[in-house]
> 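Here it is, the structure, as structure tokens.
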Amino acid sequence: MAAAEADDRKILVAVDEGEESMHALTWCLKNVVSEGSGKDNLILLYVRPPRVVYGAYDGTGYLFSSDIVATMEKYSIDVAGAVIEKAKRACKDLKNVKVDTRIEYGDPREMICNVVEKLGVDILVMGSRGYGLLKRTFLGSVSNHCAQNVKCPVLIVKKPKY
């Protein structure tokens with residue numbers, strides 16, 4: 001790694017379909033990204049979650065034709081592309097900041113942690129859905145999981161309730 005690259009800062013922002021992640025991205029652009037330095041690399045990450053769809057009878061009673069499975073897969077890919085495009089539009093006015101995008105497939109909690117480690121990210125920025133204790137217990141919290149499992153600082157941005 002060249003000396004100039006050693007000082008570069010990698011900021012990963014996890015984005016999804018929710019307003020919370022776009023709020024976190026906007027907040028990050030205003031408060032974390034430093035346009036003047038030319039040393040910030042912004043990485044926009046969308047993780048396509050696995051769908052619980054069965055292409056063959058598996059004893060649960062669900063049976064979907066390959067056409068339906070293919071349509072659902074195409075929809076998932078289209079959603080991922082739309083989310084990334086919306087995030088890129090939010091970054092369009094950045095100067096001296098390299099913006100990269102990534103789309104991964106898998107459990108968002110694990111994939112975000114894996115990408116952070118693989119890329120050597122310096123800071124992870126995520127939105128928070130604001131789940132209470134009960135919902136977090138049953139549904140799990142992606143941001144909480146990542147905060148406990150990555151080795152870099154994690155900034156969780158909660159969207160204010162107006």
Side-chain angles (χ1 to χ4, degrees), residues 1-53 69-70 72-131 135-159:
M1 180 180 288
E5 291 176 1
D7 293 332
D8 288 358
R9 184 169 66 154
K10 292 181 183 175
I11 304 164
L12 188 142
V13 181
V15 294
D16 63 16
E17 300 87 346
E19 293 176 25
E20 297 86 2
S21 73
M22 287 302 156
H23 174 74
L25 173 59
T26 302
W27 192 94
C28 176
L29 296 176
K30 290 179 185 172
N31 298 288
V32 178
V33 173
S34 176
E35 289 187 71
S37 72
K39 299 206 180 265
D40 279 350
N41 296 317
L42 185 63
I43 304 155
L44 306 172
L45 172 66
Y46 178 86
V47 180
R48 290 178 42 225
R51 302 286 181 228
V52 182
V53 175
V69 172
M72 292 174 77
E73 180 69 13
K74 182 185 179 318
Y75 176 75
S76 175
I77 292 167
D78 290 348
V79 167
V83 170
I84 286 293
E85 283 305 312
K86 183 176 180 181
K88 282 174 36 180
R89 279 194 307 273
C91 302
K92 71 179 174 8
D93 294 330
L94 289 178
K95 294 172 180 49
N96 298 320
V97 176
K98 183 179 176 190
V99 179
D100 291 320
T101 61
R102 290 181 70 104
I103 298 174
E104 299 288 342
Y105 178 81
D107 177 6
R109 292 175 293 203
E110 295 303 323
M111 289 308 301
I112 293 169
C113 293
N114 291 345
V115 170
V116 165
E117 184 176 334
K118 179 179 176 184
L119 298 180
V121 168
D122 296 298
I123 185 168
L124 170 61
V125 179
M126 307 180 74
S128 171
R129 297 210 191 285
Y131 288 157
K135 279 189 180 177
R136 256 194 334 265
T137 301
F138 289 106
L139 299 176
S141 167
V142 175
S143 58
N144 187 49
H145 176 85
C146 293
Q148 292 180 17
N149 290 285
V150 298
K151 294 179 176 128
C152 70
V154 178
L155 179 60
I156 299 172
V157 181
K158 188 172 181 181
K159 186 174 184 220

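Computation of the quantities below employed the complete heavy-atom set of this structure, encompassing side-chain atoms and omitting hydrogens, waters and symmetry-equivalent molecules.
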> Could you walk me through whether L25 and C91 pass the side-chain contact (heavy atoms from CB on, under 4.5 Å) check?
CA-CA 9 Å; L25 173 59; C91 302; 4.2 Å; yes

> Looking at CG of N149 and CD of E110, how far apart are the two atoms once the value is rounded to the nearest 0.5 Å?
7.0 Å

> To the nearest 0.5 Å, what is the distance between CG (L12) and CZ (R102)?
8.5 Å

> Consider side-chain contact (heavy atoms from CB on, under 4.5 Å). Of S21, P108, P49, which one does D16 pass it with?
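When side-chain contact (heavy atoms from CB on, under 4.5 Å) is applied between D16 and each of S21, P108, P49, only S21 qualifies.
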
> How close do H23 and K159 get, counting heavy atoms only, and between which atoms?
CD2-CA, 3.6 Å

> Rounded to the nearest 0.5 Å, how far does CG of N114 lie from CG of L45?
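With rounding to 0.5 Å, CG (L45) is 10.5 Å from CG (N114).
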
> Look up atom NZ in K88 and atom CG in L44, then write down how far apart they are to the nearest 0.5 Å.
9.0 Å

> Checking T26 side chain against M22 main chain: does a donor-acceptor pair fall under 3.5 Å?
yes

> Which atom names give the shortest non-hydrogen contact between V15 and Y46, and what distance separates them?
O-CD1, 3.3 Å

> Quick check on Y105: does its OH atom have over 12 non-hydrogen neighbours (other residues, nucleotides or ligands) under 6.0 Å away?
yes

> At their closest point, which heavy atom of A90 faces which heavy atom of L29, and how far apart are they?
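It is O-CD1, 3.3 Å.
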
> Might you point out which heavy atoms bring R9 and S34 nearest each other, and give the distance in Å?
NH2-N, 3.9 Å

> Of the non-hydrogen atoms in D8 and D122, which two are nearest, and what is the gap between them?
O-OD2, 3.6 Å

> Only one of I123, I43, V121 forms a side-chain contact (heavy atoms from CB on, under 4.5 Å) with V116, so which one is it?
V121

> Looking at E17, I want to see if its CD is surrounded by more than 12 non-hydrogen atoms of other residues, nucleotides or ligands under 6.0 Å.
yes

> Looking at every non-hydrogen atom in both residues, tell me the closest pair between S128 and E20 and how far apart they are.
O-CG, 3.2 Å

> Which value, rounded to the nearest 0.5 Å, describes the distance between R109 atom CZ and N144 atom CG?
10.0 Å

